[in-house]
Amino acid sequence: MQPTVISWYDANASRLASAYEAIAPMVTRDWLADLLPSPPAVVIDIGAGTGRDAGAFAAAGYEVIAIEPSSGMRVEAERRHPSPRIRWLTDSLPGLTTASRAGLAADVVLLSAVWQHVAPTDRPRAFRKMVSLLRSGGLLAMTLRHGPDDGRGGYPVTLAEVETLARDHGMQVVRTVASPDLQGRSDVSWTAMVLRLPDDGTGALPLLRHLIL
């Protein structure tokens, strides 16, 4: 993640918190809820922001690893959503260096309103890193932002790009859902995606994935 993007979130954390917290968390979204594994599955929330999703998953009984590079956003998150089920890490895409070194493994990886901040040239690496955090059969849930950048630093995103990355990494596109902006911005819309890492039931898939990565 570019330092300028992180600095923007640091400077605007207090202002953003109220808007973010007013939106229903991902665990309740109808495009995702029925696909989620039962608690206490492990959820990694990349770009956890003010902790809205991390807090909701923790409250539902999941074990959550919340990754957030902005110190300002983390302060808001830990104040609003204190929970022993949430472990906070300072890290970011495309490298996810801390998470990778920790050997984390998750049943669900969330990426909500983050992909637009990853430079197109960094996206293959970023996607590979996210897939490497998933257990066999795990889900990658993403929301893609469409619309002009508002100063925080973003790049265009497309559904086709993510579908191609998914195919390249042997992932199944389970669901895609288009929706308007939940903050009411007329020039912004979203595509929600759920991808699954298959499990062939023999234990061979994790080895194959390791060789590909």
Side-chain angles (χ1 to χ4, degrees), residues 1 5-6 9-10 13 16-17 19-29 31-33 35-118 126-135 137-145 152 157 162 171 174-175 182 190-197:
M1 197 71 66
V5 174
I6 297 171
Y9 280 99
D10 282 338
L16 294 171
Y20 286 179
E21 295 293 320
I23 297 173
M26 295 267 278
V27 70
T28 66
R29 307 284 180 90
W31 55 267
L32 177 60
L35 298 174
L36 291 171
S38 300
V42 177
V43 177
I44 296 180
D45 185 4
I46 301 174
T50 59
R52 177 198 68 209
D53 294 322
F57 272 96
Y62 292 89
E63 297 297 327
V64 182
I65 300 161
I67 296 174
E68 175 54 52
S70 164
S71 59
M73 298 294 271
R74 276 198 320 278
V75 167
E76 289 286 343
E78 294 185 63
R79 178 177 66 84
R80 292 169 178 268
H81 302 284
S83 172
R85 292 186 179 274
I86 303 176
R87 173 187 174 191
W88 285 91
L89 292 182
T90 302
D91 207 350
S92 67
L93 291 170
L96 289 178
T97 305
T98 302
S100 297
R101 288 176 178 170
L104 301 178
D107 303 289
V108 181
V109 171
L110 299 180
L111 191 75
S112 179
V114 175
W115 191 242
Q116 74 273 10
H117 294 313
V118 180
F127 197 89
R128 172 172 56 86
K129 289 288 186 175
M130 291 191 293
V131 173
S132 74
L133 297 176
L134 282 171
R135 293 171 175 156
L139 298 178
L140 171 58
M142 304 174 63
T143 60
L144 311 181
R145 182 188 188 278
R152 64 190 75 188
V157 302
V162 180
M171 297 195 74
V174 178
R175 186 172 292 166
L182 296 179
W190 298 84
T191 301
M193 299 189 70
V194 184
L195 314 175
R196 187 185 300 278
L197 185 67

- Working for side-chain contact (heavy atoms from CB on, under 4.5 Å), residues Leu110 and Leu32: CA-CA 11 Å; Leu110 299 180; Leu32 177 60; 4.3 Å; yes
- Message: Using side-chain contact (heavy atoms from CB on, under 4.5 Å), reason through Asp45 and Met26 one step at a time and then give a plain yes or no.
- Response: CA-CA 10 Å; Asp45 185 4; Met26 295 267 278; over 6 Å; no
- Message: Applying side-chain contact (heavy atoms from CB on, under 4.5 Å) to Arg29 and Val194, what does each step give before you reach the verdict?
- Response: CA-CA 12 Å; Arg29 307 284 180 90; Val194 184; over 6 Å; no
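Across all non-hydrogen atoms, the minimal contact from Ser83 to Ala58 is OG-CB, 3.6 Å. For the pair Ala141 and Trp31, the tightest heavy-atom approach, listed with the atom from each and the gap, is CB-CZ3, 4.3 Å. When all heavy atoms are compared, the tightest approach of Leu16 to Arg152 is CD2-NH2, 4.2 Å. Minimum interatomic distance between Asp10 and Gly72 (heavy atoms only, all atoms of both residues): OD1-N, 2.9 Å. Closest approach of Leu139 to Leu35, counting heavy atoms only: CD1-O, 3.3 Å. In terms of heavy-atom proximity, Ser112 sits nearest to Arg52 at OG-NH2, 4.0 Å.
Under the rule for a ring pair (Phe, Tyr, Trp, His ring centres under 6.0 Å), the partners of His117 that lie at least two apart in sequence or sit in another chain are Tyr9.
If you take CD1 on Ile6 and OG on Ser70, they are separated by 7.5 Å, rounding to the nearest 0.5 Å. In this structure, CG on Leu111 lies 12.0 Å from CD1 on Ile44, to the nearest 0.5 angstrom. The structure places CZ of Arg175 at 12.5 Å from CE of Met193, a figure rounded to the nearest 0.5 Å. Taken from CH2 in Trp115 to OG1 in Thr191, the straight-line distance is 14.0 Å, to the nearest 0.5 Å. In this structure, CH2 in Trp88 is found 6.5 Å from CD in Glu78, a value given to the nearest 0.5 Å. Taking CD1 from Ile23 and CG from Asp53, the interatomic distance works out to 9.5 Å, rounded to the nearest 0.5 Å.
Using a 4.5 Å heavy-atom threshold, the side chains of Tyr20 and Met73 count as touching. Using a 4.5 Å cut-off on side-chain heavy atoms (C-beta onward), Leu36 and Phe57 make contact. Between Phe127 and Val118, every side-chain heavy-atom pair lies at or beyond the 4.5 Å cut-off. Side chains of Leu104 and Leu89 form a contact here, defined as non-hydrogen atoms less than 4.5 Å apart.
Tested against Leu195 for a side chain to side chain contact (heavy atoms under 4.5 Å, CB included), the candidates Val131, Val162, Val174 yield a single pass: Val162.
Side-chain N or O atoms of Asp91 include one that pairs as donor or acceptor with a backbone N or O of Thr98 at under 3.5 Å. Within the 3.5 Å criterion, the main-chain N or O of Val42 finds no donor-acceptor partner in the side chain of Glu63. With hydrogens and angles disregarded, no donor-acceptor distance shorter than 3.5 Å links the side chain of Arg87 to the backbone of Ile65. Side-chain N or O atoms of Ser100 include none that pairs as donor or acceptor with a backbone N or O of Thr97 at under 3.5 Å.
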